[in-house]
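Encoded as structure tokens, the structure appears first; notes follow it.
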Amino acid sequence: MTAVELVRGGPGLEQARRIVTDIPGPRSRELAQRRADALPAGLTSGAEIYAAAGGGGVLVDVDGNSFIDLGSGIAVTTVGNSAPRVVERATAQLQQFTHTCFLATPYEPYIEVAEALNRLTPGTHAKRTALFNTGSEAVENAVKYARAATGRSAVVTFDHAFHGRTLMTMTMTAKNQPYKHSFGPFAPEVYRAPMAYPYRWPSGPDRAADEAFEQFRLLVDAQIGADQVACVVVEPIQGEGGFIVPADGFLRRIADFCRDRGILVVADEVQTGIARTGAWFACEHEGLVPDLIVTAKGLAGGFPLAAVTGRAEIMDRAHPGGIGGTYSGNPAACAAALGVFETIEAEHLLDRAQEIGALMLRQLREIGTRHPVVGEVRGRGAMVAVELVEPGTTTPNREAVAEIARYCQAHGVLTLTAGTFGNVLRFLPPLSISDALLTEAFSVLRDAFAAL
């Protein structure tokens, strides 16, 4: 390995933006060639650089370039790459045992994670938690729990939703390219309702909640039949769809409607949960207490772990042996999750997420006053996005997003894109990032807009 690849990550990593080679550099280009020879073409990456170390608010690539990280591995390293409590707990667990399969020989860390999620998720009712490997797997199991508990089969999701890439969750996902194209046929009994997307609601943002709810009500009552619907699955803030914050009141009305008809509400908090929005869960901003809540991504600081937490009477309805998986709730991942919970509480990261969000919103709104390509700035906590359009219209401007992302990468800032139309820049910095680094990153972003 090279000296760069042996750089130690974590918060002790030098917190600086530094470009020392062309982007991508020679070592990254070498790895890209090896990748082309070894991996299928459909497995793509957003950045052209290859990571060597990460920590605080930066990622260092294999060529020694240091980038300000505004993506956190798509909301995974929320507490920071190689966060000390995560590393210490996971290392200690790995030195004890790496695997037994909880279904064969159980262990305490799984129970500890379940107890923590039962405590932290909204509501004071009795809860149960089951652990899985990925967000997709957890969403799919939430549907299984809902069907088992209600005896119904239909599932309702929303426009612009992203729920995963398995057969069921790919069906539940709205966007065709790249997630669904050529991969059908899809799972039956999945229906889609309009999302109250204020910026793009045809009759204006003030009417989005009422009109979207009415269309949802007609779909469920008249077209599907409410007594056939097991659950409604919704992201409190839509992630891949473009960080869409539903119109105020829309989700509360959905929840009230479902409660009246015996339909379960599943909050998909895979991207929004675990302190990302300035609360443990984004549904708390809406005053929602879901029947089932799904977490993943930021749950274990980079280890593959996901969960379904729900009302005890619902979770207990699945028959013995019907739920589980060989690696689900891996002991090292569970230990890492306990390190995540400890870090969030010890370092007051709920407050920090709100501070980061306020800084990002202020910077993006200032950019918006100067550049008519900015259609809307939106988000909550450290989950913020800007939607780009053709100036003077609401026509999606995908090309501008691509140009800005390229400029930022070339100048040492890693960003992510999103949106049904590919015209959204999303920002998910680790909560361990400093104000100084974040301000520097947005200086680069301002230059990127000016270069359009």
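Throughout, numbering of the chain's residues begins at 1 and tracks the sequence.
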Is there a side-chain contact between [X] and [Y] in this structure, where contact means two heavy atoms from C-beta onward sitting under 4.5 Å apart?
X: V155; Y: V233; result: yes
X: R147; Y: C231; result: no
X: P122; Y: I293; result: yes
X: F243; Y: L428; result: yes
X: L414; Y: I68; result: no
X: L13; Y: R8; result: no
X: V79; Y: I274; result: no
X: F102; Y: S328; result: no

Straight-line distance of [X] [atom1] to [Y] [atom2], nearest 0.5 Å:
X: L338; Y: Q93; atom1: CG; atom2: CD; answer: 9.5 Å
X: W280; Y: T295; atom1: CH2; atom2: OG1; answer: 10.5 Å
X: Y50; Y: R29; atom1: OH; atom2: CZ; answer: 12.5 Å
X: E345; Y: L350; atom1: CD; atom2: CG; answer: 8.0 Å
X: R380; Y: L361; atom1: CZ; atom2: CG; answer: 11.0 Å
X: E286; Y: I254; atom1: CD; atom2: CD1; answer: 11.5 Å

Please name the pair of heavy atoms, one in [X] and one in [Y], separated by the smallest distance, quoted to 0.1 Å.
X: V265; Y: A255; value: CG2-CA, 4.1 Å
X: G278; Y: Q354; value: O-NE2, 3.0 Å
X: A226; Y: D221; value: CB-OD1, 3.6 Å
X: G56; Y: P430; value: O-CG, 3.3 Å
X: I49; Y: P24; value: CG2-CA, 4.4 Å
X: L103; Y: G325; value: CD1-N, 3.6 Å

For this session: Quickly, which of T121, T309, N118 forms a side chain to side chain donor-acceptor pair (under 3.5 Å) with K127? Name it, please.
Result: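 Passing option: T121.
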Problem set entry | Candidates T171, T173, T157, D268 - the one meeting side chain to side chain donor-acceptor pair (under 3.5 Å) with H163 | D268
Seminar exercise, completed: Residue pairs meeting side chain to side chain donor-acceptor pair (under 3.5 Å), one or both in residues 68-83, sequence neighbours left out, come to T78-R276
Side chain of [X], backbone of [Y]: donor and acceptor closer than 3.5 Å?
X: R152; Y: A230; value: no
X: Q238; Y: D159; value: yes
X: T129; Y: L117; value: no
X: E269; Y: C283; value: yes
X: N141; Y: K144; value: no
X: T134; Y: E137; value: yes
X: N330; Y: T98; value: yes
X: Y110; Y: L131; value: yes

Exercise. So M383 and I237, side-chain contact (heavy atoms from CB on, under 4.5 Å) or not? Walk me through it.
Worked result: CA-CA 9 Å; M383 183 176 183; I237 300 173; 4.0 Å; yes
Under 3.5 Å side-chain donor-acceptor pair for [X] and [Y]:
X: E48; Y: S28; result: no
X: T91; Y: E88; result: no
X: E140; Y: T166; result: yes
X: E235; Y: Q271; result: no

Identify, with sequence neighbours excluded, every residue that meets side-chain contact (heavy atoms from CB on, under 4.5 Å) alongside [X].
X: A196; result: A208, A212, A247, F250
X: N397; result: V373, L388, E390, E399, A400
X: T415; result: L70, A405, C408, V413, L425, F427
X: R317; result: A149

Report the residues that fulfil salt bridge (charged side-chain N to carboxylate O under 4.0 Å, His left out) with [X], sequence neighbours left out, ordered by chain and then residue number.
X: E355; answer: R352
X: D248; answer: R252
X: D316; answer: R128
X: R165; answer: none

Exercise. Going through the checks in order, is the side-chain contact (heavy atoms from CB on, under 4.5 Å) test met by V232 and V266?
Worked result: CA-CA 6 Å; V232 172; V266 179; over 6 Å; no
Salt bridge between [X] and [Y], side-chain N to carboxylate O under 4.0 Å?
X: E387; Y: R200; result: yes
X: R217; Y: E214; result: yes
X: R259; Y: D291; result: no

Seminar exercise, completed: Residue pairs passing the ring pair (Phe, Tyr, Trp, His ring centres under 6.0 Å) test with at least one member in residues 326-354, sequence neighbours excluded, are H99-Y327
For this session: Would you mind listing every ring pair (Phe, Tyr, Trp, His ring centres under 6.0 Å) that reaches into residues 185-210, with sequence neighbours excluded?
Result: H160-Y197
Exercise. Run the side-chain contact (heavy atoms from CB on, under 4.5 Å) check on L438 and M360 step by step: do they pass?
Worked result: CA-CA 8 Å; L438 199 55; M360 291 195 295; 4.1 Å; yes
Exercise. Applying salt bridge (Lys or Arg N to Asp or Glu O under 4.0 Å), which residue pairs with at least one partner in residues 172-197 are found, sequence neighbours left out?
Worked result: K175-E240
For this session: Please determine which of L292, T150, V308 meets the side chain to side chain contact (heavy atoms under 4.5 Å, CB included) test together with I314.
Result: L292
Exercise. Just checking, R253 and F257: is the charged tip under 6.0 Å from the six-membered ring centre and within 45° of the axis?
Worked result: no
